[in-house]
Each structure stands twice: as structure tokens, then as C-alpha cells.
Amino acid sequence: MNLMLFGAPGAGKGTQAKFLIEKYNIPQISTGDILRAAIVDKTAMGMEAKKFMDAGQLVPDSTIIGIIKDRLAESDCRNGFILDGFPRTLAQAEALNELMENMKIKLDKVISLNVPDELIVGRITGRRVCSKCGASFHVEFNPSKKENVCDYCEAELIIRKDDNEQTVKSRLEAYHTQTSPLINFYTKMNLFIELDGTKEVNEVTKDMIKALL
Ligand code: AP5
Ligand code: MG
């Protein structure tokens with residue numbers, strides 16, 4: 001199964017990806033997580049990307065497309081994958097189509113988690129992420145079992161550097177101007193499925209599993 005999770009920053013892509021990994025035994029490919037790992041490792045690509053991420057802007061297409069090309073070629077993607085936060089521009093979507101055509105594989109579905117902007121700020125400012133595996137929690141809506149400890153790998157939970165009110169505004173603007181045109185792109189390809197992302201986490205998971213039957 002080759003899936004894509006689509007939606008605004010904070011819509012719940014990362015949260016729902018964790019359930020899909022377990023259910024379908026396929027990897028999550030989050031360009032955000034890959035970029036954050038490159039920042040921790042202080043690679044040249046990470047240092048360059050950091051400037052854009054801290055400002056809430058998109059990282060240039062050429063960098064992102066290079067990351068995805070390398071990642072999809074890895075052996076764990078052979079049985080499928082979950083794209084999370086990629087593509088985010090028309091150029092990235094077109095590059096993905098070309099890449100998948102060359103690999104002779106197809107996207108099965110694009111699942112969009114719809115959440116209005118006014119709910120996004122509260123979600124992002126209350127988010128805590130695992131410093132090791134990147135899992136997302138929320139102090140109020142989706143708390144970890146033990147305070148500040150990841151349910152999955154028991155590492156410490158931290159606040160992402162771009163999770164502040166100012167940066168959220170820029171990220172939402174980038175989403176509406178650069179990413180939302182993909183709704184039309186994937187609707188035309190007959191792949192786009194919209195879910196109500198404002199429901200509780202486990203309700204969204206149920207709807208998503210139903211949509212994938
Ligand atoms: P990225 O890491 O992808 O961030 P994002 O798109 O802004 O998305 P988020 O991770 O913030 O949200 P999410 O949908 O995963 O929500 P989550 O599940 O955590 O990208 C970061 C940056 O990297 C970008 O700004 C850009 O600079 C760069 N970048 C990455 N990919 C790129 C690309 N392709 N091209 C260019 N640049 C790129 O949930 C959010 C919170 O809500 C959590 O606290 C969670 O617990 C809570 N929550 C989840 N579901 C629910 C629910 N149903 N009800 C209540 N709360 C919920
Ligand atoms: Mg995420």
C-alpha cells in the first residue's frame with residue numbers, strides 16, 4: 001500500500017501515521033522528521049534547511065525531491081510506504097509522479113485530514129514530540145501515559161522549535177498558498193479522500209481505516 005497523508009500543519013498526519021505503520025507494517029516517510037534529523041546531525045543540508053524551517057517557510061523543492069528519491073529507493077519501502085508532509089508543492093507532486101512511474105509503482109490513496117485554521121494554533125502550541133522517534137503527543141488532547149515520556153520508545157518529549165504562534169502563522173500561509181493546490185491535483189487523479197480531522201484521535205483512525213478498506 002502506497003499512501004499519502006495530507007493536511008495543514010498540525011492536522012494530525014504524524015499522529016495517524018503511527019497507527020498505519022503498525023496496521024500495514026510499512027514505513028512512514030516524513031520529510032519534516034528527515035530534515036530535523038539532518039539538523040541534529042549538523043549536515044550541510046540540515047543547516048541550510050533549518051533557516052527555512054525556523055521561519056515557517058518551505059524548504060526548496062530540489063532539496064526535498066532529492067531526499068525522497070533516496071528514501072524511496074531504500075529496501076523497506078518495497079512493500080509500501082506512508083508519505084507524511086510530502087509533497088507540498090506542485091513541483092514536488094509532479095516529481096513524485098515521475099519517480100513512481102520510473103519505479104513502476106502507483107499511489108493508492110491520498111488521505112486528507114481536514115482541520116480549520118482556528119483549531120491548528122492550539123494543537124501546535126500544546127504539542128510535545130519524542131526526541132528519539134518523533135511521535136506526537138498533546139498536553140491536553142493526546143497526552144502521553146507518563147508525563148514528558150514517549151509511549152513508544154520512552155525517550156524524553158520536547159517542544160519543536162517551530163511550534164510557536166508566530167511560526168504557525170507562516171506555516172499556515174505556506175500551506176494555503178503552496179500546498180492547497182494539490183487538492184485539485186489529486187482529486188483529478190481520483191485519489192483524494194477527505195476526512196474530518198477535528199474528531200478525537202481514535203475516531204479519525206477508525207475513519208481512516210474504513211477509507212482504506
Ligand atoms: P513537518 O514536520 O511536516 O510539519 P507540518 O506539516 O507543519 O506538520 P506537523 O508535523 O506540524 O503536523 P502533523 O499533521 O504531523 O500533526 P501532528 O500529528 O503532530 O514540517 C516541518 C517543516 O519542515 C516545514 O515547515 C518545512 O519548513 C519543512 N518541510 C517538511 N516537509 C517539506 C516539504 N515536503 N517541502 C518543503 N518543506 C518541507 O498533530 C499536531 C498536534 O495535534 C499534536 O500535539 C497531536 O497530539 C494533536 N492531535 C493530533 N490529532 C488530533 C486530534 N484528532 N484531536 C486533537 N488533537 C490532535
Ligand atoms: Mg508531523
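Whatever order the structure lists ligands and atoms in, that order sets their numbers, starting from 1.
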Could you state whether [X] and [Y] fall into the same hydrophobic cluster, counting links through intermediate Ile, Leu, Val, Met, Phe, Trp or Tyr residues with side-chain heavy atoms under 4.5 angstrom apart?
X: Met208; Y: Leu3; value: yes
X: Leu35; Y: Met4; value: yes
X: Ile193; Y: Phe6; value: no
X: Ile26; Y: Phe19; value: no
X: Val201; Y: Leu20; value: no

For [atom], find the nearest protein heavy atom and state the residue, atom name and distance (0.1 Å precision).
atom: atom 37 (N) of ligand 1; result: Val59 N, 3.0 Å
atom: atom 47 (C) of ligand 1; result: His138 CB, 4.1 Å
atom: atom 9 (P) of ligand 1; result: Arg127 NH1, 3.3 Å
atom: atom 53 (N) of ligand 1; result: Lys199 O, 2.8 Å
atom: atom 12 (O) of ligand 1; result: Gly10 N, 2.7 Å
atom: atom 23 (O) of ligand 1; result: Met53 CE, 3.4 Å

_If only side-chain N and O atoms count, and only distance matters, is there a donor-acceptor pair under 3.5 Å linking Thr167 with Asp162?_
no
Could you list which atoms of ligand 1 come closer than 4.0 Å to a heavy atom of [X]?
X: Ile64; answer: 32 (C), 33 (C), 34 (N), 35 (N), 36 (C), 37 (N), 38 (C)
X: Val201; answer: 50 (N), 51 (C), 52 (C), 53 (N)
X: Gly197; answer: 53 (N)
X: Phe141; answer: 55 (C), 56 (N)
X: Leu35; answer: 23 (O), 28 (C), 29 (N), 30 (C)
X: Arg36; answer: 2 (O), 21 (C)
X: Ser136; answer: 17 (P), 19 (O)

May I ask whether [X] has any heavy atom positioned less than 4.0 angstrom from an atom of ligand 1?
X: Arg160; result: yes
X: Glu203; result: no
X: Gly7; result: no

Less than 3.5 Å between some nitrogen or oxygen of [X] and one of ligand 1, yes or no?
X: Gly126; value: no
X: Gly14; value: yes
X: Gly56; value: no
X: Gln92; value: yes
X: Gly12; value: yes
X: Thr15; value: yes
X: Ala11; value: yes
X: Thr198; value: no
X: Ser30; value: no
X: Pro9; value: no

Check whether any side-chain heavy atom of [X] lies under 4.5 Å from a side-chain heavy atom of [Y], and answer yes or no.
X: Ile82; Y: Met1; result: no
X: Lys109; Y: Leu191; result: no
X: Cys150; Y: Ser144; result: no
X: Asn97; Y: Phe185; result: yes

With heavy atoms under 4.0 Å as the rule, classify the contact between [X] and ligand 1 as side chain, backbone, both or neither.
X: Phe137; result: backbone
X: Leu58; result: both
X: Leu5; result: neither
X: Gln16; result: neither
X: Asn142; result: side chain

Under 4.0 Å between a side-chain nitrogen and a carboxylate oxygen: does that hold for [X] and [Y]?
X: Arg128; Y: Asp163; answer: no
X: Arg36; Y: Asp33; answer: yes
X: Arg71; Y: Asp76; answer: yes
X: Lys51; Y: Glu48; answer: yes

*Hey, what else clusters with Leu157 if you join Ile, Leu, Val, Met, Phe, Trp, Tyr whenever side-chain heavy atoms sit under 4.5 Å?*
Phe137, Tyr152
Out of [options], whose heavy atom sits nearest [atom]?
atom: atom 34 (N) of ligand 1; options: Gly85, Ala135, Gly32; result: Gly85
atom: atom 54 (N) of ligand 1; options: Arg123, Glu200, Gln57; result: Arg123
atom: atom 24 (C) of ligand 1; options: Arg171, Glu140, Lys13, Arg88; result: Arg88
atom: atom 31 (N) of ligand 1; options: Ile39, Asp33, Asp196, Thr31; result: Thr31

*Of all the heavy-atom pairs spanning Gly80 and Asn2, show the shortest one and how long it is.*
CA-OD1, 3.1 Å
*Checking Thr179 side chain against Arg88 main chain: does a donor-acceptor pair fall under 3.5 Å?*
yes
